[in-house]
There are 2 protein chains.
Amino acid sequence: MSDQIITRMRNWITNCGLTEGARLPAERSLCADLGVNRTELRKALLVLEAEGHVTRHVGRGTFLAKVSKSGKSGRIDSTISALSESTSPIDAMNARLVVEPQIAQLAAMHATPKHLQDLRRLTTQMRDASTWARYEELDGEFHEVIADAAGNTLLQAVHKIINRVRLVVVWRKIDTTASGPRADYHSFAEHDAILDALERRNGSDACAAMRAHLDSTLTAMTTPHGT
Amino acid sequence: MSDQIITRMRNWITNCGLTEGARLPAERSLCADLGVNRTELRKALLVLEAEGHVTRHVGRGTFLAKVSKSGKSGRIDSTISALSESTSPIDAMNARLVVEPQIAQLAAMHATPKHLQDLRRLTTQMRDASTWARYEELDGEFHEVIADAAGNTLLQAVHKIINRVRLVVVWRKIDTTASGPRADYHSFAEHDAILDALERRNGSDACAAMRAHLDSTLTAMTTPHGT
DNA sequence: GCAGTCCAAATGGTCAACCAATTATACCTA
DNA sequence: TAGGTATAATTGGTTGACCATTTGGACTGC
């Protein structure tokens, strides 16, 4: 499919080290380098031209237009805003339930001492959080550290996307006037269980503990939060 | 300039009164209506396809895309090119192993008769594929239909991202000169097993069958492909 | 040495015939 | 009549030769 060629060309452009305004290799040599025929390459170039990334002139060649080499985060941002328009809160939580337990399982294998140390620090800080906003911030960091510990950059990115879509989609129902989580807040013990499994390098326990944690959160979210 | 044709096509689409999923006139008649030759029209259609506004199928025609999908794909593309720079082939396959089995499990619950019918058709077509490229295309569609059947737009998007990053990252090692998969190709039975579990609405079986399929593919990928 | 000219090579663009997939239709058989 | 099968028509996709433009160097004349 030519869709793939377009992606490869985008990739090539960002990696070829050419600055804006530079001339690309001729079509006939470029398609030999990439191992595709000229028609496929021209299809990709046409799309890139329509997007404004390159300009082409007969007899002269193809040139890079001014492409802002924005970092990954900016592009992920636009993905998130697009996805959040068509995702329901339930979908977001279910997606989290699909990915995070297995991320925890991988983290049990690959977590470094630094990761475990950070997680221990975070569990302590969460217990001391005086506001819900502060707690949420620490909780998000807790999950991000685990995703990082899994050692898979693609899964880490997926985790980031899912969680940020979730933050956009599920509106905070937490009473922001409250002072903070009580000492017996259920998530404390659940976080401890996850961390304990990670320290024991027990992947299946970590997976189960993470699933229990998310289930518990989902239940709390869908239940009216009276006492 | 073909830029103008693209604009005219955009206007034509918005004014023609066709609803989403409707079929456009055939290229040969459309380019007569618009007074342009087929090459120019096809350039415009290619851009519109890359933008996600239309989809095209050999022998069937060109169709207006679902509006929910339009606009997202282009942005997902840039996300993919960014991610593929920092993802290893092993990471890509592992990410697939994390997400797809559970997607299959959800699909067992939510698949519509239409989904199952499409999957049955695809399994047949894959057996008849005369080239590896054709088989890969159908296989990709098979997995996409399952992701769609899971009924979770966020998971579907995640699945799409992972698979397209994988396509960029793991370079095709398949001998493109070969005629196509043999009749006893292992994936045939594995696809059948997945489809069978989906038709029986058995989520755990579907999950296991998908995992077995991906494991098998991963093994084949990492093993030198002698006989 | 220099300006001008010409021409060949290289480049992106175009076209018509052909290919492959799909669908519609006619036809046959039970 | 129902259903299957072969066949033709339709559709989007591909290919290779060819076209139009630009560039750069060789050549010429002064």
Side-chain angles (χ1 to χ4, degrees), chain A residues 1-6 9 13 18 21-65, chain B residues 1-6 9 13 18 21-65 114 117-118 120-142 145 176-177 179-181:
Chain A
M1 188 176 291
S2 68
D3 216 22
Q4 185 186 346
I5 314 276
I6 296 173
M9 274 299 300
I13 286 178
L18 296 179
R23 194 189 129 182
L24 270 63
E27 292 181 356
R28 290 172 176 82
S29 76
L30 195 54
C31 65
D33 290 349
L34 295 179
V36 300
N37 60 42
R38 196 174 159 216
T39 301
E40 290 296 307
L41 180 79
R42 282 182 56 77
K43 282 160 68 174
L45 285 175
L46 178 65
V47 172
L48 292 176
E49 185 185 27
E51 289 174 347
H53 287 118
V54 301
T55 59
R56 303 199 276 179
H57 306 279
V58 180
R60 298 185 59 203
T62 304
F63 302 84
L64 284 186
Chain B
M1 197 55 113
S2 67
D3 220 17
Q4 186 182 346
I5 315 280
I6 296 174
M9 275 298 301
I13 285 178
L18 296 178
R23 195 190 127 179
L24 271 61
E27 292 182 356
R28 290 170 175 81
S29 74
L30 195 54
C31 63
D33 290 349
L34 295 179
V36 300
N37 62 41
R38 194 173 161 218
T39 302
E40 290 297 306
L41 181 80
R42 281 180 58 76
K43 282 161 67 175
L45 285 176
L46 178 64
V47 172
L48 292 176
E49 185 185 26
E51 290 173 347
H53 287 117
V54 300
T55 58
R56 303 199 276 178
H57 304 280
V58 181
R60 298 186 58 203
T62 303
F63 301 84
L64 286 186
K114 176 69 164 53
Q117 176 187 339
D118 285 345
R120 278 190 292 268
R121 171 178 58 83
L122 287 167
T123 56
T124 302
Q125 287 178 314
M126 278 188 274
R127 282 195 159 85
D128 295 338
S130 55
T131 65
W132 276 106
R134 174 68 178 151
Y135 168 79
E136 293 251 320
E137 183 186 345
L138 293 168
D139 179 65
E141 197 175 340
F142 183 84
V145 169
T176 52
T177 64
S179 56

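The chains referred to below are lettered A, B, ... by the order of the sequence lines, with proteins before strands, and numbering in each begins at 1.
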Self-check item: Closest contact, heavy atoms only, A/N37 versus A/E40
Solution: OD1-N, 2.9 Å

Practice problem: Using a 4.0 Å heavy-atom cut-off across all strands, classify B/R121 as base, sugar-phosphate, or nothing. | Solution: nothing

Quiz item: So does B/R60 get a side-chain nitrogen or oxygen closer than 4.0 Å to the phosphate oxygens (OP1/OP2) of D/dT10?
Solution: no

Self-check item: Rounded (10°) bend between the five-pair end axes of the helix from C/dG1-D/dC30 to C/dA30-D/dT1
Solution: 20°

Quiz item: When rounded to the nearest 0.5 angstrom, what distance separates OG1 in B/T55 from CG in B/L45?
Solution: 11.0 Å

Practice problem: Determine: side-chain N/O of A/K43 to OP1/OP2 of D/dG13, distance under 4.0 Å, yes or no. | Solution: no

Quiz item: Starting at CZ of B/R38 and ending at P of D/dG13, how long is that distance when rounded to a whole Å?
Solution: 8 Å

Quiz item: Would a 4.5 Å heavy-atom cut-off, applied to side chains only, mark B/D118 and B/E141 as touching?
Solution: no

Quiz item: Is any NZ, NE, NH1 or NH2 atom of the basic residue among B/R56 and B/E27 found under 4.0 Å from an Asp or Glu carboxylate oxygen of the other?
Solution: yes

Practice problem: Take atom CD of A/E27 and atom P of D/dT15, then tell me their distance rounded to the nearest Å. | Solution: 15 Å

Quiz item: To the nearest 0.5 Å, how far apart are NE2 in A/H53 and OG1 in A/T62?
Solution: 14.5 Å

Self-check item: A/N37 vs D/dT15: side-chain N/O to OP1/OP2 distance below 4.0 Å
Solution: yes

Quiz item: Which nucleotide, D/dG12, D/dC18, D/dT15, lies nearest any side-chain atom of B/V58?
Solution: D/dG12

Practice problem: Any chance you could measure A/E51, atom CD, to A/I6, atom CD1, to the nearest 0.5 Å? | Solution: 7.5 Å

Quiz prompt | Nearest-0.5 Å distance that lies between atom CG in A/L24 and atom CG in A/L64 | solution = 5.0 Å

Practice problem: Calculate the interatomic distance between B/R23 atom CZ and D/dT11 atom C1'; express it in whole Å. | Solution: 7 Å

Quiz item: Taking atom OH of B/Y135 and atom CZ of B/R127, what is their separation to the nearest 0.5 Å?
Solution: 10.0 Å

Practice problem: Any chance you could measure A/R38, atom CZ, to A/L41, atom CG, to the nearest 0.5 Å? | Solution: 9.0 Å

Self-check item: First and last nucleotide of DNA chain C, 5' to 3', lying under 4.0 Å from heavy atoms of chain A
Solution: C/dT11 to C/dT14

